[in-house]
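The analysis underlying the following values was restricted to heavy atoms, covering all of them including side chains, and did not include hydrogens, waters or symmetry mates. This structure is a prediction, so every number in the text was calculated from the model and none was measured.
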Amino acid sequence: MTDKPPVLDFATDWDHTDPAWVNDPYPIWEDLRQRCPVAHTDRYGGGWFPATHAGVSEIAKDTEHFTSRTVIINEGRPTDEELPAPIGVAPPITSDPPFHALARKLILPAFSPGVVNALEPQIRELCNRLLDDVIGEEVVNGSLSYAKLIPPGVIREMLGFPAEDTEKFIEMVHIITEAVDLPLEERIEAFIPVEEYFVAQIEDHQDNPRDDLTSFLLDAEIDGQKLALEHVFGTMVLILVAGIDTTWGAIGASLWHLAQNPEDLARLVNEPELMPTAVEEFLRFYAPVTMARLVNADMEYLGCPMKEYDWILLGFPAANRDPVVFKDADKFIIDRAENRHVAFGLGIHRCIGSNLARLELRVAIEEFIRRYPKFELANKKDVTWAQGQIRGPRNLPLRILS
Amino acid sequence: MKVVIDGELCQGQGRCFSIAPSLFGFDDLGDGVVLGDGTLTAETLDLARLAQANCPEHAIFIEESS
């Protein structure tokens, strides 16, 4: 990845893995909104980046001209053998209509607010256990010792995988989301341990069915037919990938904000009733997830000459900073009353785990600030950000203040 | 005045029933549903408008009752 040429103009040569974008994408997006507003690149075989809320919204809802069969940008291109449409490798996120609705309806009940809200006491206990582990330390790593460890614990439990595998989980998420620069063959090779691990878990659940999401998927039927094993595997990979890096990023970015904005931190400590609007503003301002689509066929769209299999980088975080839709879009307003943010996407692919993500984010912040009502960045220069389509601080040393 | 959710537009973003649990609930799939017949009073109209202003899918409508 280091041998890539640096980006000189993001309007004509964007790259979401360029250090400037990784470190601080917001001024880049604002510049693109004013100049383009759909930026182009020849990298990754060709792609487009709509920087406005209107552009993101139109493409997100248009499942006729764009396919979801691959949602992470890479150097490869789909073939029918490798990524059968309309199912895709990780249904329903990689599925298109009409199959998408079947695959989605199947797992929606497992993530409905009623089911998810019941997890609150467990999540609170997990957060407190992690905080107990670093008790008395002057500098606590808000990312590596806290935010990073919360979602894997929750997802692992939902899937019914062994407790000692949490670290293994995190490794696998990295393989999948951060291997964007690997050539296709190497990516497939990198995937082998992930596949082996999941197959072993599936086999164990086939032999010993239990009350968890893995057994639920193995037992589920579409039109009276059990799901293909590839479907079960794909959905499990999806839940793992989509449920971990993302929430890690959201919790970390929120702590990063509070560490640098003592007035917001003090308000949240003293006025806990602000938590609902604060959570939505964290999600708007630091939305971690950018998705991708592929163009279905050559066409003129949003004034751009798009070609079949061009990438679309679907920047929900950029849409969330569009001043056309959000008043004072570049200001974090902790009690923002009207906040139509799109952190969880728009249209039929709305994040299926959004209720769970909100719950984890709220409880993680509540417990952290209850334990540490005052903290700051230990050293701004030590903070690093994840590269790729999931944004969040990877290293976040926080100095605990008294 | 009456509040309604367009079931075609609703994607289960979950904002309405978080902001106004007295007016909205959710179904088995997590999509928003209007509680009761959706009739609004002077007190609940503002709450319904707030939920409407937070729906990313623009799926909430406030209509004159017939």
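- Inspection of the A/E281 and A/N339 side chains reveals an N or O donor paired with an N or O acceptor under 3.5 Å.
- With a threshold of 4.5 angstrom between heavy atoms, A/I348 approaches chain B through its backbone and through its side chain.
- Interface check for chain A: of the options B/G30, B/P56, B/A53, the most heavy-atom pairs under 4.5 Å are formed by B/A53.
- Of the atoms belonging to B/N54, heavy atoms from both backbone and side chain fall under 4.5 Å from chain A.
- A donor-acceptor contact shorter than 3.5 Å is absent between the side chain of A/R293 and the backbone of A/F66.
- Annotation: side chain of A/M275 is in contact with side chain of A/E366 (closest heavy-atom distance under 4.5 Å).
- Using cut-offs of 30° and 60° for the angle between ring planes, the A/F49 and A/W29 rings count as tilted.
- Using a 4.5 Å heavy-atom cut-off against chain B, no residue of residues 322-330 of chain A qualifies as contacting.
- Here A/H100 contributes atom NE2 and A/K105 contributes atom NZ; the two are 10.5 Å apart, rounded to the nearest 0.5 Å.
- Residue A/M236 is tested with A/L213, A/L217, A/I155 for a side chain to side chain contact (heavy atoms under 4.5 Å, CB included); the sole match is A/L217.
- The residues A/E280 and A/R336 are annotated as not salt-bridged, no charged nitrogen and carboxylate oxygen being separated by less than 4.0 angstrom.
- Each ring-ring contact (aromatic ring centres under 6.0 Å, His included) pair with one or both residues in residues 27-65 of chain B, not counting sequence neighbours, would appear here, but there are none.
- At a 4.5 Å heavy-atom cutoff, the contact between B/L29 and chain A is made by backbone and side-chain atoms alike.
- Within the 4.5 Å cutoff, side-chain heavy atoms of A/F316 are placed close to those of A/V56.
- Using a cutoff of 4.0 Å between basic side-chain nitrogens and carboxylate oxygens, A/R362 and A/E120 are scored as salt-bridged.
- When all heavy atoms of A/L361 and A/I251 are compared, the pair lying nearest together is CD1-CA, 3.8 Å.
- Contact check for A/T247 versus A/L356: no side-chain heavy atoms found under the 4.5 Å cut-off.
- In this structure, A/H341 and A/F344 have tilted ring planes: the angle between them lies in the 30° to 60° band.
- Note that the CD atom of B/E57 and the CG atom of B/D31 stand 10.0 Å from one another [nearest 0.5 Å].
- Among the residues in residues 109-118 of chain A, those with a non-hydrogen atom closer than 4.5 angstrom to a non-hydrogen atom of chain B are A/P109, A/S112, A/P113, A/G114.
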**Request:** Give the intermediate values and the outcome of side chain to side chain contact (heavy atoms under 4.5 Å, CB included) for residues A/T63 and A/D96.
**Result:** CA-CA 7 Å; A/T63 53; A/D96 292 325; 5.5 Å; no
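- Of all residues in residues 13-22 of chain B, those placing a non-hydrogen atom less than 4.5 angstrom from a non-hydrogen atom of chain A are B/Q13, B/R15, B/F17.
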